[in-house]
Amino acid sequence: MRCDETCELDGATDLIALNQSCFCMTLGRAELDAAILEHAGNHELGALLAARPNLFAATAVFVSPADLAAMQAQVAAIEAVAALAPFQDAALARSGDRITGVQTGTRGLFMGYDFHISEDGPKLIEVNTNAGGAFLVNALQRAVAELAVACGDARLTSSDAIDTLLVESFIAEWQAAGREGGPNTVAIVDEDASEQYLYPDMLLARDLLTRNGIETLILGPEALTFENGVLTSGGKTIDMVYNRLTDFDLSEPGNAHLRAALLEDAAIVSPAPRHHALYADKQNLIWLSDADLLESWSADAAHRAALSKIPGTRRVTEDVADELWTDRRGYFFKPAAGFGSRATYRGDKLTKRVWADILAGNYIAQALIAPTMRAVTVAGQRITLKYDVRLYTYAGETLLLAARVYQGQTTNFRTSGGGFAPVYQF
């Protein structure tokens, strides 16, 4: 981080304008990687970070305490509504799968609530179970904090404190499932884990848990075996699975052993199909943005007020197809069970061919909230990129705050100067 940049930060009130105009907080990638590697002590990470040039943004993002409080209020409201019996009955009935009825006390590791910051305050764009990147963001924040302290700035939250929260979330999830103490062995499970773009995030998770006395493995689902009531890998009992799979109901044949272990309550699996059904199925946004429905479900008035900030969301069906096509420029279209911004479309970019695919699929239409912009200096050039803000949470409590800087329709980690960015509160 350069120490000689002088935007008027203290007392700033219009942070949207500040983010758009202040070419400050420039972050040098080589310095960031060096600081991350120095603390991580993991020799694998160097090459992996170098192979991901757009993993970390070239700047930080500013958020006001008022906007953070508004985001947290929306998270709290969603958590409260998701606990209501009518909501749960509707969400779980939609899946029709008994796997959503096990380990009902767990809350879901690494929930991600994504927001665009508008002139009218933060607007929830979507909810994700299994929101990747928390460990990378924590490492990034630690590196930026160390560089900022050298510039006389100590405003970022201590990453040591965040380390503790991250580890405690695993133990809390273990205990929420009715176990005592903590897990002895955790498996981080994903398809072709070492080939995933966020594999460095898994390595950092493994190393942090291991340092805190929890043996942690990174495995593919094919490495798991469920026999005689025990989930194992290579003869080692697996107590808990940190689930990074995108087979949200664990219905694919390759996940049969993991599914069986969850159904038999033989291992804690988190996030689990129940969490996806209650939180991350994008059809839930239809209910959460429907004030009359929420009132009929006896949602608290304060929670309804917080959720009124969610962009109006509709199901895409043939009976409203003509109306949605006509008004398409005001909507963003997403698959109900989608992830990672795949097969999502801004209405003004739609073609008739894509529209036919949307009508044939299970899609929602969400009122378009344009992302705000961040001024960035990239290779000596001054440009502006889009950003969103993510709250990583456990049981409704914020663990970590991050931004994602990008260009294009959605976050993509392919933008020069883009990627995960630390967030400063002003």
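Heavy-atom basis, side chains included; hydrogens, waters and symmetry copies ignored.
Contact check for E173 versus Y394: side-chain heavy atoms found under the 4.5 Å cut-off. Here the side chains of Y331 and W325 are not in contact, with every heavy-atom distance at 4.5 Å or above. Considering only heavy atoms from C-beta on, L399 comes within 4.5 Å of L166 through its side chain. Using a 4.5 Å cut-off on side-chain heavy atoms (C-beta onward), S233 and T225 make no contact.
The ring of Y392 has its center no closer than 6.0 angstrom to the ring center of Y113. Taking the six-membered ring for Trp and the full ring otherwise, Y242 and F170 have centroids separated by under 6.0 Å. If you look at H276 and F248, their ring centroids are closer than 6.0 Å. Between W355 and F333, the distance separating the two ring centers is shorter than 6.0 angstrom.
Listed for the D201 side chain is a donor-acceptor partner under 3.5 Å among the backbone atoms of L136. A donor-acceptor pair under 3.5 Å links the side-chain atoms of T216 to the main chain of I214, judged by distance alone. Proximity of a side-chain donor or acceptor of N19 to a complementary backbone N or O of F62 within less than 3.5 Å is detected. Looking at T377, its side chain never comes within 3.5 Å of a backbone N or O of G380 through a donor-acceptor pair. Judged by distance alone, with hydrogens and angles left aside, the side-chain atoms of Q20 form no donor-acceptor pair with the main-chain N or O of T384 at under 3.5 Å. Counting only distance, with no hydrogens or angles, the side chain of N412 and the backbone of Y406 share no donor-acceptor pair below 3.5 Å. Without hydrogens or angle criteria, E252 side chain to D247 main chain gives no donor-acceptor distance under 3.5 Å. Remark: side-chain polar atoms of R374 are paired, donor with acceptor, to backbone N or O of C22 under 3.5 angstrom. Checking side-chain atoms of T59 against main-chain N and O of C24 turns up a donor-acceptor pair under 3.5 Å. In this structure, S159 contributes its side chain and I162 its backbone to no donor-acceptor pair below 3.5 Å.
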Given L288 and I78, is the side chain to side chain contact (heavy atoms under 4.5 Å, CB included) satisfied, shown in steps? CA-CA 8 Å; L288 293 171; I78 292 169; 4.1 Å; yes

| request: Dump the intermediate steps for salt bridge (charged side-chain N to carboxylate O under 4.0 Å, His left out) on E44 and R206, then the final yes or no. | output: CA-CA 13 Å; E44 289 182 80; R206 181 196 66 187; 3.7 Å; yes

Full working for side chain to side chain contact (heavy atoms under 4.5 Å, CB included) between V186 and L217: CA-CA 6 Å; V186 167; L217 313 172; over 6 Å; no

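Across all their heavy atoms, A91 and L278 have their closest contact at CB-CD2, 4.0 Å. Taking each heavy atom of G417 and N54 in turn, the nearest pair found is N-OD1, 4.3 Å. Across all non-hydrogen atoms, the minimal contact from R52 to L48 is NH1-O, 3.0 Å. In terms of heavy atoms, M202 sits closest to I188 at O-CD1, 3.6 Å. Nearest heavy-atom pair across S270 and G108 is OG-CA, 3.4 Å. Closest non-hydrogen pair, L285 versus L124, comes out as CD2-CD2, 4.0 Å.
Put simply, NE2 on H303 and CG on L84 are 9.0 Å apart, with the number rounded to the nearest 0.5 Å. The CZ atom of F115 lies 10.5 Å from the CG atom of D388; values are rounded to the nearest 0.5 Å. How far CG of L262 is from OG1 of T106: 8.5 Å, rounded to the nearest 0.5 Å. Here the CG atom belonging to L368 is positioned 12.5 Å from the NZ atom belonging to K123, to the nearest 0.5 angstrom. One distance of note links CZ of R315 with CD1 of I364; it measures 9.5 Å at 0.5 Å rounding. Expressed to the nearest 0.5 Å, how far OG1 of T317 lies from CG of N362 amounts to 11.0 Å.
A salt bridge does not link D348 to R328: none of the charged nitrogens lies less than 4.0 Å from a carboxylate oxygen. Salt-bridge formation is not detected for the pair D290/R314: no Lys NZ or Arg NE/NH1/NH2 atom is positioned less than 4.0 Å from an Asp or Glu carboxylate oxygen. Under the 4.0 Å criterion applied to side-chain N and carboxylate O atoms, R304 and D300 are not assigned as salt-bridge partners. With respect to R179 and D239, no salt bridge is recorded, no charged nitrogen being found less than 4.0 Å from a carboxylate O. Taking the charged nitrogens against the carboxylate oxygens, D249 and R259 have no contact shorter than 4.0 Å, which rules out a salt bridge.
Among the candidates F413, F56, Y387, Y197, the single residue satisfying the ring-ring contact (aromatic ring centres under 6.0 Å, His included) test with F420 is F413. Among K334, R404, K282, the one residue that satisfies the salt bridge (Lys or Arg N to Asp or Glu O under 4.0 Å) test with D114 is R404. When each of E397, E79, H275 is paired with R107, the side-chain hydrogen bond (donor to acceptor under 3.5 Å, both in side chains) condition holds for E79 and for no other.
For the residue pair T398/Q72, the side-chain donor-acceptor check at 3.5 Å is satisfied. Looking only at atom types and distance, the side chain of N138 has a donor-acceptor partner in the side chain of D163 under 3.5 Å away.
The aromatic rings of W287 and F87 sit perpendicular to each other, their planes meeting at more than 60°, with 30° as the lower class boundary.
Shown here is R414, whose CZ atom has no more than 12 heavy atoms of other residues, nucleotides or ligands within 6.0 Å. The environment of D322 atom CG is sparse: at most 12 non-hydrogen atoms of other residues, nucleotides or ligands sit within 6.0 angstrom.
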